Amino acid sequence: MSLLTVDELTVTFGGRGRKASRAVDGVSFEVDQGQVVGLVGESGCGKSVTSLALMGLLPAKGLTIGGRAEFDGTDLFTMSPSARRDLRGSEMAMIFQDPLSSLNPVVPIGVQVTEILERHRGMKGEAARKEAAHLLDRVGIPDPTRRLKEYPHQLSGGMRQRALIAMAVACAPRLLIADEPTTALDVTIQAQILELLKELVDQEGTALLMITHDLGVVAGLCDQVNVLYAGKVVESAGRRELFAHPTHPYAHGLLGSIPRLDAPRGEPLNPIRGSINDRIAWADGCAFAPRCDRYEMGCLSGTPQLGEPRAAGHQVRCVNPVLDDAKAEEVPA
Ligand SMILES: Nc1ncnc2c1ncn2[C@@H]1O[C@H](COP(=O)(O)OP(=O)(O)O)[C@@H](O)[C@H]1O
Ligand SMILES: [Mg+2]
């Protein structure tokens, strides 16, 4: 059994005068211990809403959640709020894109880390302070004893994200959800943070749900990848399989739009035309149809279902998938 099983998750906002909008529309995936699973897609496709729903952090007003999510066999959505809160502090942790808004600006880093250790691991005083320094050291923050006394604004963006990771791992979570943890950081720091997350997974067997719009992150980190479009998984496969054979035209386009160093000079990048707002309702057909080069009439006869047109375990939601792709891309190791 997987550590996290998400089955047909739907999240709908609104109602009461406002038109209800479905941000997540029947998403299913699993995350095993020690596994890195990616949720990938452009801005607005439902990545953050999925993660916040799993963490129980969406504002309740106007919210409707459907489907099931089980953590270690326990149904997250029927849990009592207090049990959920306990789980959130101990077994499930999340790191966000913007470290500054997730840290308390008026409380020194050290106090914020030791609070977690006191609350969740029952540590006190000097022991908690020592462990906090150890955690900062572990995530690569130099001179941790001095840093513990500093406030979030005194740290660089990369150091703040490290501090947040230290806080997330302070309670040794079994599942870490990272929502675009490196988007706000520059490239070198990004690589270091990703390396750090990889280390945690390897050393602690932590399960990692990695949320990103960046296929480079997926290539370097994820075992299994789910590509989201307008609230639905449109393609799901192992990383190698996905990079070798992107089969949904959206995933195919995404992979084709990664700049390649060996591309001839002056060759245009190949971003997918239009935006996620150019879409039709899934009920009427494929939401990606208005942007799709492979569009045909069949794309508008109801929601395409996930199928396995290419290989077992490689799921694709498309009536006209890319099966004839001769240019096999080199696959990241
Ligand atoms: N609290 C909310 N109320 C209403 N709509 C929301 C709310 N949060 C997110 N949405 C909508 O849900 C969709 C998915 O958003 P989100 O999950 O944040 O996308 P992303 O993939 O960029 O993380 C977007 O259309 C967004 O406008
Ligand atoms: Mg987001």
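The structure presented is a predicted model; accordingly, all values stated were derived computationally and were not measured. All ligand and atom numbering here is 1-based and tracks the order in the structure. Quick note: numbers below take in every heavy atom, side chains included, and nothing from hydrogens, waters or symmetry partners. This chain uses plain numbering: 1 for the first residue, then up along the sequence.
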Taking only heavy atoms of S43, which atoms of ligand 1 are found under 4.0 Å from at least one of them? 22 (O)

Would C45 count as a contact residue for ligand 1, given that I'm defining contact as a non-hydrogen atom of the residue lying under 4.0 Å from a ligand atom? yes

Metal site the Mg ion (ligand 2): N/O/S of S43 inside 2.8 Å: no

Heavy atom of the protein closest to atom 16 (P) of ligand 1 (residue, atom name, distance): V49 CG2, 3.8 Å

Among all protein non-hydrogen atoms, which one is nearest to atom 10 (N) of ligand 1, and what is the separation to 0.1 Å? F13 CE1, 3.7 Å

For atom 3 (N) of ligand 1, is there a protein heavy atom at a distance under 4.0 Å? yes

When you measure from atom 6 (C) of ligand 1 to the protein, is at least one non-hydrogen atom found at a distance under 4.0 Å? yes

Any nitrogen or oxygen of P59, main chain or side chain, under 3.5 Å from a nitrogen or oxygen of ligand 1? no

Interfacing atoms of ligand 1 (cut-off 4.0 Å, heavy-atom, A23): 12 (O), 13 (C)

hydrophobic_cluster_shared for I177 and V49, side chain cutoff 4.5 Å: yes

Can you tell me if T10 and D25 form a side-chain donor-acceptor pair at under 3.5 Å? no

Looking only at protein heavy atoms, what sits closest to atom 25 (O) of ligand 1 is G44 O, 4.0 Å

Going by atom types alone, do S236 and Q315 pair a side-chain donor with an acceptor below 3.5 Å? no

Side chains of R129 and T114: is there a donor and an acceptor less than 3.5 Å apart? no

Taking only heavy atoms of S48 into account, list the atoms of ligand 1 that are under 4.0 Å away from them. 17 (O), 18 (O), 20 (P), 23 (O)

Are any of the side-chain heavy atoms of Y250 and E42 separated by less than 4.5 Å? yes

Does any N or O of ligand 1 fall below 3.5 Å from an N or O anywhere on K47, backbone included? yes

Counting only heavy atoms from other residues, nucleotides and ligands, does the tally under 6.0 Å from CD of Q33 exceed 12? no

Of H314, R317, H252, H245, which meets side-chain hydrogen bond (donor to acceptor under 3.5 Å, both in side chains) against E235? H314

Quick one: which of L155, D137, I109 gives a side-chain contact (heavy atoms from CB on, under 4.5 Å) with R147? L155

